Amino acid sequence: MESPADGWMVVDGRRVLNFCTNNYLGLANHPHLKQAARDAVDRWGVGPAAVRTIAGTTSLHLELERRLAAFKGVEDALFVQSGFNANQAAIPPLVGKGDVVFSDRLNHASIIDGCRLAGAKIIVYEHCDPEDAAAKIAEHLPNFRRGLLITDGVFSMDGDIAPLDALYEVAERYGVLTMVDDAHGEGVLGRGGRGIVDHFGLHGKFDVEVGTLSKAFGVVGGVIAGKKLIVDYVRQKARPLLFSSATTPADTAACLAAVDLLEASEDRVRQLWENAAYLRRQMQALGFDTGLSQTPILPIMLGEAGLAKQFSRRLFEEGLFAMSIGFPTVPQGKARIRVMNTAAHTPADLDAGLAIFAKVGRELGVIP
Ligand SMILES: *Cc1c(COP(=O)(O)O)cnc(C)c1O
């Protein structure tokens with residue numbers, strides 16, 4: 001990459017249409033965020049020089065946590081260095097040896113690693129299947145002290161949405177804790193991008209909502225949001241908070257600026273969904289298989305990894321950047337191009353991208 005993440009990017013010396021980043025709202029190169037980062041460097045310097053619990057917690061961090069909690073409509077929020085760290089921070093305090101985690105088959109690697117770190121037994125339930133989750137809980141929970149159900153909110157490879165309402169009912173019935181990792185829903189789903197809990201109207205019900213500020217928010221960072229009692233407990237115990245330095249002033253201030261923009265207007269979120277709906281409709285009309293997608297994550301299913309790689313290479317030669325994704329990130333035989341639009345793409349950009357997809361799709365015999 002030789003330019004900022006935006007609707008167009010310079011990649012390996014070529015200016016290409018970018019359908020490949022998680023920059024959903026086009027904030028990664030937004031002037032308001034950049035100015036906030038510059039101002040923060042002038043006022044606070046470049047590094048925190050401490051972990052949060054010693055001397056790294058600035059008033060910027062506390063303000064961001066207050067603002068995130070208010071934005072999401074939760075009692076409390078804890079800001080950490082990344083979404084990956086958020087899972088490492090949140091899961092081990094909640095469960096340990098003698099406890100059990102019920103985990104969706106397609107949960108993100110950082111959830112799996114967080115569960116492994118916790119030392120809890122991991123029981124996998126079938127993807128987005130509340131009935132299977134109920135069966136697994138009924139079978140296994142009696143053998144353990146405490147249970148925690150964890151799911152991705154939006155699944156990053158297929159773009160489908162976890163049935164959070166039904167999962168909540170199951171968890172409630174059996175008295176297990178609930179946690180959702182909303183990395184791809186934060187800034188995307190819910191009113192004005194308030195996330196998956198807002199999308200399902202489950203405020204105050206899901207125990208823990210983990211998210212990232214590295215995708216739609218355009219910066220970097222993670223958040224653990226939910227009930228005060230739990231977030232406070234995680235704050236005491238979270239090892240990434242205790243043993244790794246705080247986020248930089250520039251990043252923290254840029255995250256605050258992103259919250260400002262999200263609170264001020266829903267236009268970007270609306271534009272993202274309009275773009276996504278248009279792309280999905282047109283890709284399907286061209287004859288592409290867009291899999292299970294219900295969100296701006298739009299997989300173009302191609303099957304064999306070789307074909308997906310060749311497809312991606314041809315797209316790039318035609319001026320479009322979209323990487324292929326194959327095993328082990330997705331199952332064997334389910335290779336794909338994952339198309340990610342951003343609110344920064346214009347209708348002309350989308351049409352240019354569709355024309356390139358149509359050309360390459362016909363050339364490689366994927367569509368008629
Ligand atoms: C991207 C992602 C993460 C990691 O977030 P970072 O902020 O990039 O570390 C965690 N969980 C899920 C579900 C993700 O999609």
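Numbering of ligands and ligand atoms starts at 1, following listing order. Since we're looking at a predicted model, the values are computed, not measured. Residue indices begin at 1 and follow the sequence shown.
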Quick note on ligand 1: atoms under 4.0 Å from a heavy atom of T212 include exactly 5 (O), 6 (P), 7 (O)

Flag for T178-D207: side-chain donor and acceptor within less than 3.5 Å
yes

Specify the protein heavy atom at minimum distance from atom 6 (P) of ligand 1: its residue, its atom name, and the distance to 0.1 Å.
G83 N, 3.4 Å

At what distance is the nearest protein heavy atom to atom 10 (C) of ligand 1, and which residue and atom is it?
S110 OG, 3.3 Å

Nearest heavy atom to atom 3 (C) of ligand 1: which of Q88, E186, H108, M157 does it belong to?
H108

Nearest neighbour in protein (non-hydrogen) for atom 2 (C) of ligand 1
K215 NZ, 2.4 Å

Taking the side chain as every heavy atom from C-beta outward, state whether F79 and I224 have any pair of such atoms under 4.5 Å apart.
no

D152 neighbourhood, listing ligand 1 atoms whose heavy-atom distance to it stays under 4.0 Å:
13 (C)

Are a donor atom and an acceptor atom from the side chains of D351 and Y278 found within less than 3.5 Å of each other?
yes

Between H127 and F155, is the ring centroid distance below 6.0 Å?
yes

What residues join V46 in its hydrophobic cluster, counting side-chain heavy atom gaps under 4.5 Å, either direct or through other members?
V41

Do F102 and Y174 have ring centroids that are under 6.0 Å from one another?
no

Quick one: which ligand 1 atoms are inside 4.0 Å of a heavy atom on S214?
6 (P), 7 (O), 8 (O)

For D181, the ligand 1 atoms with a heavy-atom partner under 4.0 Å come out as 10 (C), 11 (N), 12 (C), 13 (C)

Taking the side chain as every heavy atom from C-beta outward, state whether E363 and R314 have any atom pair closer than 4.5 Å.
yes

A183 heavy atoms, cut-off 4.0 Å: which ligand 1 atoms fall inside?
2 (C), 11 (N), 12 (C), 13 (C), 14 (C), 15 (O)

By number and element, which atoms of ligand 1 are closer than 4.0 Å to a non-hydrogen atom of F84?
4 (C), 5 (O), 6 (P), 9 (O)

Flag this pair as yes if the NZ/CZ of R105 is under 6.0 angstrom from the six-membered ring centre of Y125 and inside a 45 degree cone about the axis; otherwise no.
no

A student checking ligand 1 against H184 at a 4.0 Å heavy-atom cut-off should list atoms 15 (O)

